[in-house]
Amino acid sequence: MMDGTAGVSGRRVADESALDDPVTLGEQDPGGMLRFTASAGAQVRESAALAAEANLQLLEEEGRPRAVVIAGIGTAGRTGDVLATVAGPRCPVPVIPHRSAGVPGWVGAADVVIAISASGRSPEALGAAEAAHRRGARLVAVGAPDSQLQSVAERARAPFIPVPRRAPARASLWALTVPVLLAARTLGLVKVNEADLAETAARLDADADRCRPTAESFVNPAKSLALGLAGSIPIVWGSSPLATVAARRFGDTLSANARYPVVTGALGEAGRGRVGLLDGVFGGLIESARDIFADPGDTEGDLTRLRLVLLRDGGLNAEDDTDEPLAVEERRADAVQTLAERRGVRCDVVTAEGGSALERLASLVAVPDFASIYLALAHGLDPMAVPAITEMKELANQ
């Protein structure tokens, strides 16, 4: 172990053996981030029940809105990306994630604002809720019970869906996402039924079991992915819009939990420029000097290399002519794997499974979520405690 500045401690080089020692894992994860992440399926079920108890029927009285603004920051803001993707290209109104304080200048009585904050006190969600109320827009609020956000919703006589705060926001993606989806369903914008929610929860439960701390690295997909990424610069690309949401989510958790820099985005967009990273000083230029007989775990002089993670969707709606043709996405994904192989850049692939867009998204998010935590633990980092986040908030609020 080594100590850095600002009291940060950890290991520069990942310790593979730490991941197969349950005692070490427990000591390194005192806040229970693994446990919270394993609760994703339970989050889906609990949030669906809480949303059913909220008076979402108020949203139906004025009919379909002109637009829906999803107001929040961080994980709360990511729920807007999920809604836009699950609703798909045939959604009858624009779904606009908004990550700044207040709301866009055009928002008015014809629109709906959904304000989300896990703590119920983020300035972005509070500012959006207040602005929506002033402008006469319909409001839905999602967040911690007995919070400032609930007070704003009550003043506006707007539906409020209480999400109990049991974990950091980044481990509460599903608790925050399900109420947003169900509010949008009430507005007629998305087709998510009870079977979809049940199957998504079951998928998350199954992946949590596969990724449990007691499952050894050679059978645990999250531990294997974490060890493959150790010491690298990860590039995470999604083959479809849905997979791209999962890719950006993985970037969020790799940065916050494991403190790794990461490049994320859509594979289609990457093909217009960023795919050139595979030829660069962390890609093909280094890999050309690799000893093909060397142990894959050998750091070879501690040179930092790229590691590609490709999230492949495969799609559900190949007949939908408003989507990019499935065959194009598949050829593009095959092509980037071939490019990486030719340059010696190692590539991990996570492939979506499931019968609905929501379940497929869950199948692309679950293992990477766990992998980001295991990568932190391999480096001796506490994934729950991020000193820089606390200091940033303190400095910004002076």
Side-chain angles (χ1 to χ4, degrees), residues 47-48 50-144 147-163 169 173 175-192 241 245 248 322 357-358:
S47 286
L50 292 169
E53 295 173 2
N55 191 16
L56 291 176
Q57 285 67 36
L58 289 173
L59 294 173
E60 291 182 298
E61 295 176 0
E62 297 178 46
R64 181 176 292 168
R66 177 179 60 177
V68 176
V69 174
I70 311 297
I73 194 102
T75 302
R78 199 60 75 197
T79 65
D81 300 332
V82 174
L83 172 57
T85 303
V86 172
R90 291 186 174 180
C91 182
V93 306
V95 175
I96 302 169
H98 184 71
R99 293 176 167 86
S100 304
V103 294
W106 50 261
V107 169
D111 305 304
V112 169
V113 174
I114 305 179
I116 310 107
S117 169
S119 66
R121 59 176 184 271
S122 79
E124 293 79 12
L126 289 172
E130 295 276 14
H133 180 41
R134 286 196 307 272
R135 297 188 191 186
R138 281 176 281 174
L139 171 67
V140 182
V142 179
S147 62
Q148 293 168 269
L149 186 57
Q150 181 172 2
S151 297
V152 175
E154 288 174 349
R155 288 201 305 273
R157 297 182 180 179
F160 177 79
I161 302 171
V163 176
L173 173 67
L176 298 173
T177 295
V178 170
V180 173
L181 293 173
L182 294 181
R185 183 179 72 176
T186 303
L187 292 166
L189 308 185
V190 66
K191 294 179 180 179
V192 176
V245 172
R248 291 185 171 131
T322 61
L358 190 62

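Throughout, residue positions are numbered sequentially from 1 according to the sequence presented.
Applying the salt bridge (Lys or Arg N to Asp or Glu O under 4.0 Å) test to Arg134 and every residue at least two apart in sequence or in another chain returns nothing. In this structure His98 satisfies the side-chain contact (heavy atoms from CB on, under 4.5 Å) test together with Val69, Ser100, Pro104, sequence neighbours excluded. Here Arg138 pairs with nothing under the side-chain hydrogen bond (donor to acceptor under 3.5 Å, both in side chains) rule; sequence neighbours left out. Residues passing the salt bridge (Lys or Arg N to Asp or Glu O under 4.0 Å) test with Glu124: none are found, sequence neighbours excluded. When the salt bridge (Lys or Arg N to Asp or Glu O under 4.0 Å) test is applied to Arg185, the partners found at least two apart in sequence or on another chain are Glu194. Under the rule for a salt bridge (Lys or Arg N to Asp or Glu O under 4.0 Å), Arg135 has no partner lying at least two apart in sequence or in another chain. For Ala129, the side-chain contact (heavy atoms from CB on, under 4.5 Å) partners at least two apart in sequence or on another chain are Ala115, Leu139, Leu149, Val152. Looking at residues two or more places apart in sequence or on another chain, you find a side-chain hydrogen bond (donor to acceptor under 3.5 Å, both in side chains) between Ser119 and Ser117.
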Distance-only criterion, 3.5 Å: show the donor-acceptor pairs between side-chain atoms of residues 50-66 and protein atoms not counting sequence neighbours.
from  : atom 1 : to     : atom 2 : distance (Å)
Arg66 : NE     : Asp111 : OD1    : 2.9
Arg66 : NH2    : Trp106 : O      : 2.8
Arg66 : NH2    : Asp111 : OD2    : 2.6

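Judged as a salt bridge (charged side-chain N to carboxylate O under 4.0 Å, His left out), the pairs with a partner in residues 68-81 (not counting sequence neighbours) are, in order, Arg78-Asp81, Arg78-Asp252, Asp81-Arg99. Applying the side chain to side chain donor-acceptor pair (under 3.5 Å) test to pairs two or more places apart or on separate chains, those with a residue in residues 147-160 are Glu130-Arg155, Gln150-Glu154.
Rounded to the nearest 0.5 angstrom, Ile116 CD1 and Ile73 CD1 are separated by 11.5 Å. Note: Leu176 CG to Leu181 CG = 11.0 Å, rounded to the nearest 0.5 Å.
Side chain of Thr186 to main chain of Leu182: a donor-acceptor pair is present (N/O by atom type, distance under 3.5 Å, no hydrogens or angles).
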